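The structure appears right after this line, and notes come after that.
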Amino acid sequence: MTGTGGRFLVAVTACVSGVAHTYMAAERLEKLCQQEKWTVKIETQGALGIENALSLEDISRADVVLLITDIDLSGEERFGGARYVRSGINTFLREPQKVMSAVRKLLSAPQHTHITL
């Protein structure tokens, strides 16, 4: 977990091969959240399976959930009641500020609001 601000985000990153892009996206997101002074916990779903799994408590506490993925996520139903932004890995890596802008919009949106980029 990184950041010290008042906002708490959770995310899942997952790419087709489950190797490089999964971890590149997680690292980029950590840096962006540090800049915003937000706390973030990131679950990766990759070649090594699920790492740093998000608990139901993590998800319910989160101000916003980010689903940064190019594949169907394991346990995706956990996020149905949360505010979330869904983005492909390549979209996020090419245009991270577009994704972060969507996150900022969701911070004041009602629960169950979903944005797909």
Side-chain angles (χ1 to χ4, degrees):
M1 261 194 268
T2 61
T4 57
R7 298 295 184 183
F8 177 62
L9 279 63
V10 296
V12 181
T13 62
C15 69
V16 175
S17 67
V19 186
H21 288 101
T22 296
Y23 299 101
M24 286 170 52
E27 186 176 312
R28 170 81 54 90
L29 181 58
E30 281 186 347
K31 288 179 183 176
L32 290 166
C33 286
Q34 282 177 336
Q35 291 170 358
E36 296 285 344
K37 297 188 179 7
W38 294 341
T39 301
V40 64
K41 181 175 180 182
I42 304 168
E43 172 181 305
T44 56
Q45 295 187 12
L48 300 175
I50 295 175
E51 297 177 283
N52 200 32
L54 298 172
S55 69
L56 293 178
E57 181 182 339
D58 292 330
I59 296 164
S60 68
R61 273 187 46 221
D63 294 299
V64 176
V65 174
L66 288 100
L67 304 176
I68 303 171
T69 178
D70 290 333
I71 61 171
D72 291 334
L73 295 174
S74 176
E76 187 167 340
E77 67 281 353
R78 300 175 286 169
F79 307 106
R83 293 180 199 98
Y84 69 72
V85 175
R86 176 184 294 278
S87 169
I89 292 259
N90 289 328
T91 299
F92 175 72
L93 291 173
R94 278 192 313 260
E95 300 178 273
Q97 290 307 325
K98 183 176 181 181
V99 175
M100 298 310 281
S101 177
V103 168
R104 284 185 210 92
K105 287 179 188 174
L106 275 185
L107 289 171
S108 60
Q111 284 290 54
H112 305 289
T113 303
H114 305 154
I115 296 175
T116 301
L117 301 174

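Everything numeric here is computed off the predicted structure, so don't read it as measured data. Worth knowing before you read on, the calculation uses all heavy atoms, side chains too, and leaves out hydrogens, waters and symmetry mates.
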Note: Arg78-Glu43 ion pair, threshold 4.0 Å (strictly below): yes

For [X], what residues pass the salt bridge (Lys or Arg N to Asp or Glu O under 4.0 Å) criterion, not counting sequence neighbours?
X	value
Arg83	none
Asp70	none
Arg28	none

Test log, rule side chain to side chain contact (heavy atoms under 4.5 Å, CB included), inputs Gln45 and Thr13: CA-CA 6 Å; Gln45 295 187 12; Thr13 62; over 6 Å; no

Nearest-0.5 Å distance that lies between atom [atom1] in [X] and atom [atom2] in [Y]:
X	Y	atom1	atom2	result
Thr39	Phe8	OG1	CZ	7.5 Å
Ile68	Thr44	CD1	OG1	12.0 Å
Gln111	Ser60	CD	OG	9.5 Å
Ile115	Leu67	CD1	CG	12.0 Å
Arg61	Ser55	CZ	OG	8.0 Å
Glu27	Leu93	CD	CG	10.5 Å

Residues Glu36 and Gln34: side-chain donor-acceptor under 3.5 angstrom: no

Show the nearest heavy-atom pair for residues [X] and [Y], with the distance to one decimal.
X	Y	value
Leu32	Phe92	CD1-CZ, 3.9 Å
Ala53	Asp58	O-OD2, 4.3 Å
Ile59	Ala82	CG2-CB, 4.5 Å
Gly6	Asp63	O-OD2, 4.0 Å

State, yes or no, whether a side-chain contact exists between [X] and [Y] at a heavy-atom distance under 4.5 Å.
X	Y	answer
Leu66	Val12	no
Thr69	Ile89	no
Val64	Leu107	yes
Val85	Val99	yes

Under 3.5 Å donor-acceptor, Asn52 side chain and Ile42 backbone: yes

Please output the side-chain donor-acceptor pairs of residues 15-25 that fall under 3.5 Å, not counting sequence neighbours, one pair per line with the distance.
unit_1: Thr22; atom_1: OG1; unit_2: Cys15; atom_2: N; d: 2.9
unit_1: Tyr23; atom_1: OH; unit_2: Glu51; atom_2: OE1; d: 2.5

Pairs touching residues 96-117 that satisfy ring pair (Phe, Tyr, Trp, His ring centres under 6.0 Å), sequence neighbours left out: Tyr84-His114

Pairs involving residues 84-101, ordered by first then second residue, that meet salt bridge (charged side-chain N to carboxylate O under 4.0 Å, His left out) (sequence neighbours left out): Glu76-Arg86

From CA spacing to verdict: side chain to side chain contact (heavy atoms under 4.5 Å, CB included), Leu54, Phe79: CA-CA 10 Å; Leu54 298 172; Phe79 307 106; 4.0 Å; yes

Side chain to side chain contact (heavy atoms under 4.5 Å, CB included) between Leu9 and Arg7, worked out: CA-CA 7 Å; Leu9 279 63; Arg7 298 295 184 183; 4.2 Å; yes

